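Working notes, structure below.
On a predicted model such as this, the values are computed, not experimentally measured, just so you know.
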Amino acid sequence: MEKAILGGGCFWCLEAAFSRLKGVERVVSGYCGGHTDNPDYRQVCSGDSGHVEVVEIDYDPSRIDYATLLQVFFAVHDPTTLNRQGHDVGTQYASAIFYRGDAQRECAERVIGELVREQVFDAPIVTRVEPAPRFHPAEDHHQNYYALNQQQNYCQLVISPKLAKIRSRFSHLLQN
């Protein structure tokens with residue numbers, strides 16, 4: 001198993017998307033990249049902790065590779081908006097790739113370069129690519145949020161459309 005740490009706005013959205021992929025064994029919502037020890041949701045949402053809402057993904061590289069995870073990542077969020085995803089605004093919603101080793105860094109840089117060359121986005125990509133610092137799991141009630149709260153308005157209005165996009169574009173990657 002290998003790990004990936006990605007931030008693309010609300011961690012509930014990323015968790016819901018990545019947990020559906022073949023080869024992904026576990027997805028944990030959490031915080032990364034800040035200066036506060038043992039941050040909690042309130043501290044991260046204040047914007048003062050420096051942490052980004054992220055997911056830590058445990059995946060089997062023989063079933064899904066890092067580049068494919070990054071393709072899904074760039075499809076499920078807008079990497080061109082600085083510290084914001086839709087109505088979610090603040091440094092905690094930054095687009096970020098926290099790499100674990102040179103291979104992940106090189107892959108992230110390569111994927112971003114391809115997206116730029118192919119002009120996939122109308123604006124510059126602002127995704128941070130940084131070494132992975134300590135990952136802090138979020139509180140229990142943030143884990144598996146979409147699966148447990150599908151009828152909640154945020155889930156219906158924000159997460160469900162992102163999952164529909166994943167089903168449309170990456171159906172070949174989805175678990176049965």
Side-chain angles (χ1 to χ4, degrees), residues 1-19 21 24-59 66 69-70 72-105 107-109 111-112 115 121 123-150 152-163:
M1 292 302 239
E2 293 188 20
K3 291 185 183 294
I5 300 175
L6 304 172
C10 173
F11 48 34
W12 298 337
C13 296
L14 295 179
E15 180 187 54
F18 285 107
S19 65
L21 301 179
V24 170
E25 300 297 322
R26 191 180 81 139
V27 182
V28 178
S29 291
Y31 318 111
C32 204
H35 50 75
T36 303
D37 290 332
N38 302 314
D40 61 28
Y41 189 70
R42 182 187 52 74
Q43 291 169 319
V44 173
C45 284
S46 75
D48 295 332
S49 74
H51 288 282
V52 176
E53 286 192 19
V54 298
V55 289
E56 181 182 64
I57 304 163
D58 291 347
Y59 67 99
Y66 190 68
L69 292 175
L70 293 179
V72 172
F73 171 69
F74 283 110
V76 80
H77 85 293
D78 181 353
T80 69
T81 54
L82 185 63
N83 300 328
R84 124 176 256 145
Q85 287 297 304
H87 295 295
D88 294 332
V89 179
T91 56
Q92 69 271 27
Y93 301 117
S95 176
I97 298 169
F98 293 104
Y99 62 84
R100 299 171 53 89
D102 288 340
Q104 284 189 356
R105 178 186 51 78
C107 183
E109 291 170 352
V111 168
I112 291 170
L115 293 169
F121 300 101
I125 293 173
V126 296
T127 304
R128 294 164 39 183
V129 179
E130 302 174 1
R134 181 172 171 213
F135 171 78
H136 303 272
E139 297 80 353
D140 288 344
H141 61 276
H142 291 295
Q143 307 304 330
N144 207 22
Y145 190 85
Y146 179 78
L148 298 172
N149 298 280
Q150 289 184 34
Q152 196 247 20
N153 282 343
Y154 187 88
C155 293
Q156 290 295 309
L157 297 173
V158 178
I159 301 174
S160 290
K162 290 183 182 212
L163 295 180

Inter-residue atom distance [X].[atom1] - [Y].[atom2], 0.5 Å rounding:
X      : Y      : atom1 : atom2 : value
Gln92  : Asp48  : CD    : CG    : 9.5 Å
Asp88  : Asn83  : CG    : CG    : 12.0 Å
Lys162 : Cys155 : NZ    : SG    : 12.0 Å

Side chains of Tyr146 and Ser19: any donor to acceptor distance under 3.5 Å?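 Absent: no donor and acceptor within the cut-off.
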Will you find, in the side chains of Glu2 and Tyr59, an N or O donor that is under 3.5 Å from an N or O acceptor? yes
Presence of salt bridge, Arg26 and Glu56, under 4.0 angstrom: yes
For Asn144, is there any backbone N or O sitting under 3.5 Å from a side-chain donor or acceptor partner on Glu15? yes
Which heavy atom of [X] sits nearest to which heavy atom of [Y], and what is that distance?
X      : Y     : result
Thr91  : Gly47 : OG1-O, 3.6 Å
Pro137 : Tyr31 : O-CE1, 4.3 Å
His51  : Gly33 : ND1-N, 3.7 Å
Pro39  : Val44 : CB-CG2, 3.9 Å
Val24  : Leu69 : CG2-CD2, 4.0 Å
His136 : Thr36 : NE2-O, 4.3 Å

What do the steps show when you test Val54 against Cys32 for side chain to side chain contact (heavy atoms under 4.5 Å, CB included), and what is the final call? CA-CA 7 Å; Val54 298; Cys32 204; 3.8 Å; yes
Decide yes or no for Leu6 and Phe98: does some side-chain heavy atom of the first lie under 4.5 Å from some side-chain heavy atom of the second?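 The answer is no; the side chains never approach within 4.5 Å.
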Derivation of the side chain to side chain contact (heavy atoms under 4.5 Å, CB included) call for Val55 and Phe11: CA-CA 6 Å; Val55 289; Phe11 48 34; 4.2 Å; yes
Please list, chain by chain and in numerical order, all residues satisfying salt bridge (Lys or Arg N to Asp or Glu O under 4.0 Å) with Glu130, sequence neighbours excluded.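 Expected list: Arg128.
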Taken in chain and number order and not counting sequence neighbours, the residues that satisfy side-chain hydrogen bond (donor to acceptor under 3.5 Å, both in side chains) with His77 are Ser95
Parallel, tilted or perpendicular: ring planes of Tyr145 versus Trp12, cut at 30 and 60 degrees: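 The rings of Tyr145 and Trp12 lie parallel, inter-plane angle below 30°.
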Please tell me whether Phe18 and Phe73 form a close aromatic pair, meaning their ring centres lie under 6.0 Å apart.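 For Phe18 and Phe73, the ring centres are not under 6.0 Å apart.
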Where do Tyr154 and Ile159 land on the side chain to side chain contact (heavy atoms under 4.5 Å, CB included) test, with the steps shown first? CA-CA 7 Å; Tyr154 187 88; Ile159 301 174; 4.1 Å; yes
Apply side chain to side chain contact (heavy atoms under 4.5 Å, CB included) to residues Val72 and Leu21 and explain how you reach the verdict. CA-CA 10 Å; Val72 172; Leu21 301 179; 4.1 Å; yes
